[in-house]
Amino acid sequence: MNTAAAIQSDPCKIEVKSLQYFYGKEQALFDVSMSIPDKQVTAIIGPSGCGKSTLIKAINRIGEISSDIRIKGDVLIDDASVYGKSVNLVELRRRVGMVFQKPNPFPKSILENVLFGPKLHGVSDRGRLEEIAENSLKKAALWNEVKDKLSKSAMELSGGQQQRLCIARALAVDPEVLLMDEPCSALDPIGTAKIEETIESLQSQYCIVIVTHNMQQAARVSRSTAFFMKGKIIEYDETEKIFTTPAEKLTEDYITGRFG
Amino acid sequence: MEQLVQKPLVAQSSNLKEPSPRASRRENHGLRDFHWRQRFREGAIHVFLAVNGYLAIVLIGLIFLFLFKEGFHALQTIKPMQWIGNKTLDFDGREVFSFVWQPLSNTPKYSLLPLLSGSFLVALPATFFSTLIGIGCGVYLAELASQRTREILKPIVELLAGIPTVVIGFLALSVLATLVQNFFHTHFRLNAFVGALGVSLVIIPVIASMTEDALRAVPNELREASYGLGATRWETLSKVILPAGVSGISASILLGMGRALGETMIVLMATGNAALFTGNIFSSVRTMTATIASELGSSAQGSEIYYALFFVGSVLFTITFFINLISEVVVERMRRRLRL
Ligand SMILES: Nc1ncnc2c1ncn2[C@@H]1O[C@H](COP(=O)(O)OP(=O)(O)OP(=O)(O)O)[C@@H](O)[C@H]1O
Ligand SMILES: [Mg+2]
């Protein structure tokens with residue numbers, strides 16, 4: 001495995017340490033180590049089933065709500081283990097927002113969707129809530145499209161709008177990390193472009209990890225890229241380097257489309 | 001056979017550059033034969049299934065027609081007012097307006113009010129009890145129970161729905177009635193409350209399994225979204241899953257109520273069968289279903305009481321029809337809201 005010194009020198013937000021991840025008996029991640037820097041976008045690429053989703057679900061521990069899982073190794077955020085005994089899952093997931101592969105707004109109004117998190121975490125002042133809603137929707141580049149219909153059902157939005165609403169919803173709880181699992185896979189090129197703009201505008205404030213099947217997208221939005229195969233990290237380096245002069249033959253084969 | 005068809009075909013097409021119409025017809029022959037056979041088979045299956053599907057509609061239509069045709073006969077001899085109440089003389093010889101169902105007295109009385117009150121006095125409390133327990137059970141099965149627990153519990157709940165109602169009636173009449181009397185010191189041993197408890201046993205599985213279905217139909221993505229925002233299990237359940245499943249749950253309650261109104265054997269055995277117009281849940285009552293079941297067999301076909309009972313049946317059918325209709329509409333609304 002190859003890790004550039006540049007990545008290691010950046011302030012590290014998430015540290016994955018020899019992580020092994022098991023679904024029941026089946027192992028999905030093998031000894032994965034990577035340090036993910038703060039305030040920039042890190043892309044994760046690799047063929048289907050290589051463990052990309054598994055990795056990011058391991059960071060906010062969302063994988064364990066629906067499956068029977070077991071881990072070895074550790075994930076640290078700001079040098080504190082997220083798998084420690086005293087970890088508060090509510091607090092962890094507030095700090096680590098997630099956007100899923102398929103847009104999943106609640107069947108509620110647009111406003112209720114955005115304010116779901118803040119209300120859970122005890123914000124009740126109306127003025128403050130309105131402010132949060134507006135800010136989050138603006139950050140997700142959705143405000144102009146929905147500001148006149150905040151009380152309409154989120155299910156009436158287009159797929160791309162729904163996905164940006166989900167981004168706004170994740171941002172509304174003021175997370176430090178934003179995990180995005182193929183956020184554009186259900187979108188057309190215009191929706192994709194909008195989301196990419198959104199990501200670009202967010203990167204200076206958050207630690208963003210994005211899983212994508214789209215090489216161009218990874219090249220466009222991310223500073224560093226990790227290439228995974230069969231649950232192992234093959235190469236992790238600055239995006240430019242990965243896409244121009246990859247160190248590994250496998251990486252080159254993959255990004256040039258020789259398999260996939 | 002195949003070879004017979006194919007041999008000349010090869011010879012011909014090698015001779016001709018463009019196959020003649022005749023040759024091309026030949027060429028297609030095997031394929032077309034198969035095609036027709038398949039078409040026929042699929043057509044037959046289609047017709048068979050369609051007939052079965054429409055049969056249900058036809059049967060309902062026929063029942064509906066028959067019931068209402070017979071019921072309407074009653075309207076010819078019994079005046080609208082009589083369905084509500086009758087002027088009768090009380091013990092002091094004064095004229096009073098009373099609400100009684102006595103089709104067999106010298107001046108037959110056909111007030112529907114005691115039957116309606118009896119039906120609802122059983123069905124409403126039964127729906128209430130089974131809603132509480134059924135929803136609790138459904139939520140537990142769908143969201144809280146472990147895989148193992150669910151695998152054990154679910155068949156048991158479904159088993160409850162399969163117990164013959166006469167057995168439940170027997171249980172209500174012998175065991176529940178005694179318990180209720182000891183606990184509430186009721187005047188009547190068999191009353192609407194006992195009937196409602198008995199009927200609940202049939203409705204609980206209906207509501208429980210429909211609630212479970214409604215909650216399981218809530219996409220997993222919504223759960224992940226909720227947990228992902230830092231919601232706890234209870235917050236996820238109360239703020240996301242239950243609201244998303246609320247139409248399905250309401251539909252199950254309505255359907256349960258329809259079943260409660262239509263339930264016959266248990267109420268016949270456990271409610272005391274006195275057609276009293278009352279709002280007292282501890283009074284003996286008689287439901288529409290019990291009235292029809294106990295009186296229709298002994299009334300002469302074509303007599304006034306015979307038609308009157310059909311009229312009662314039409315009323316019951318109409319009520320349950322609308323309740324079921326509403327529950328269908330409610331489920332449909334949920335489907336659309338969740339884009340399932
Ligand atoms: N809930 C689960 N239970 C059991 N095995 C799982 C589960 N989720 C994923 N796996 C297995 O773990 C491996 C990695 O899956 P994962 O979803 O992380 O892949 P992925 O890289 O995200 O793929 P894709 O690009 O198709 O989304 C796969 O072999 C998959 O079969
Ligand atoms: Mg995935």
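Chain A is the first sequence line, chain B the second, and so forth, proteins listed ahead of strands; every chain is numbered from 1.
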Would one find more than 12 heavy atoms of other residues, nucleotides or ligands at under 6.0 Å from atom CG of A/Asp68? no
What are the two closest non-hydrogen atoms of A/Val90 and B/Gly230, and how far apart are they? CG1-O, 3.2 Å
Any non-hydrogen side-chain atom of B/Pro243 less than 4.5 Å from a side-chain atom of A/Phe106? no
Can you tell me if A/Asp79 has over 12 outside heavy atoms packed within less than 6.0 Å of its CG? no
Just wondering, are more than 12 heavy atoms of other shown residues or ligands nearer than 6.0 Å to NZ in A/Lys147? yes
Which atoms of A/Val99 come close to chain B, meaning under 4.5 Å heavy atom to heavy atom: side chain ones, backbone ones, both, or neither? neither
CG (B/Leu62) with more than 12 external heavy atoms under 6.0 Å: yes
If you count the non-hydrogen atoms of other residues, nucleotides and ligands that lie under 6.0 Å from CZ in B/Phe322, is the total more than 12? no
Could you measure the distance from the NZ atom of B/Lys239 to the CG atom of A/Leu120? Nearest 0.5 Å is fine. 5.5 Å
Per-residue contact mode, A/Pro103 against chain B (heavy atom under 4.5 angstrom): neither
Distance, nearest 0.5 Å, that separates CZ of B/Arg223 from CD1 of A/Ile62: 12.5 Å
Check whether A/Arg169 gets within reach of chain B through its side chain, its backbone, both or neither, counting any heavy atom under 4.5 Å. both
Enclosure of A/Lys102 NZ (heavy-atom neighbours >12, cutoff 6.0 Å): no
Is it the case that atom CZ in B/Phe317 sees more than 12 heavy atoms from other parts of the structure closer than 6.0 Å? yes
For the CD atom of B/Glu224 and the CD1 atom of A/Ile65, what is their distance to the nearest 0.5 Å? 5.0 Å
Taking A/His121 for the side chain and B/Leu229 for the main chain, is one N or O donor matched with an acceptor at less than 3.5 Å? yes
State whether the number of non-hydrogen atoms from other residues, nucleotides or ligands found under 6.0 Å of A/Glu91 atom CD is greater than 12. yes
Would you mind telling me which of A/Glu64, A/Arg93, A/Arg61 makes a side-chain contact (heavy atoms from CB on, under 4.5 Å) with B/Tyr227? A/Arg93
Tell me if a side-chain donor or acceptor on A/Asn104 pairs with a main-chain N or O of B/Leu222 at a distance below 3.5 Å. no
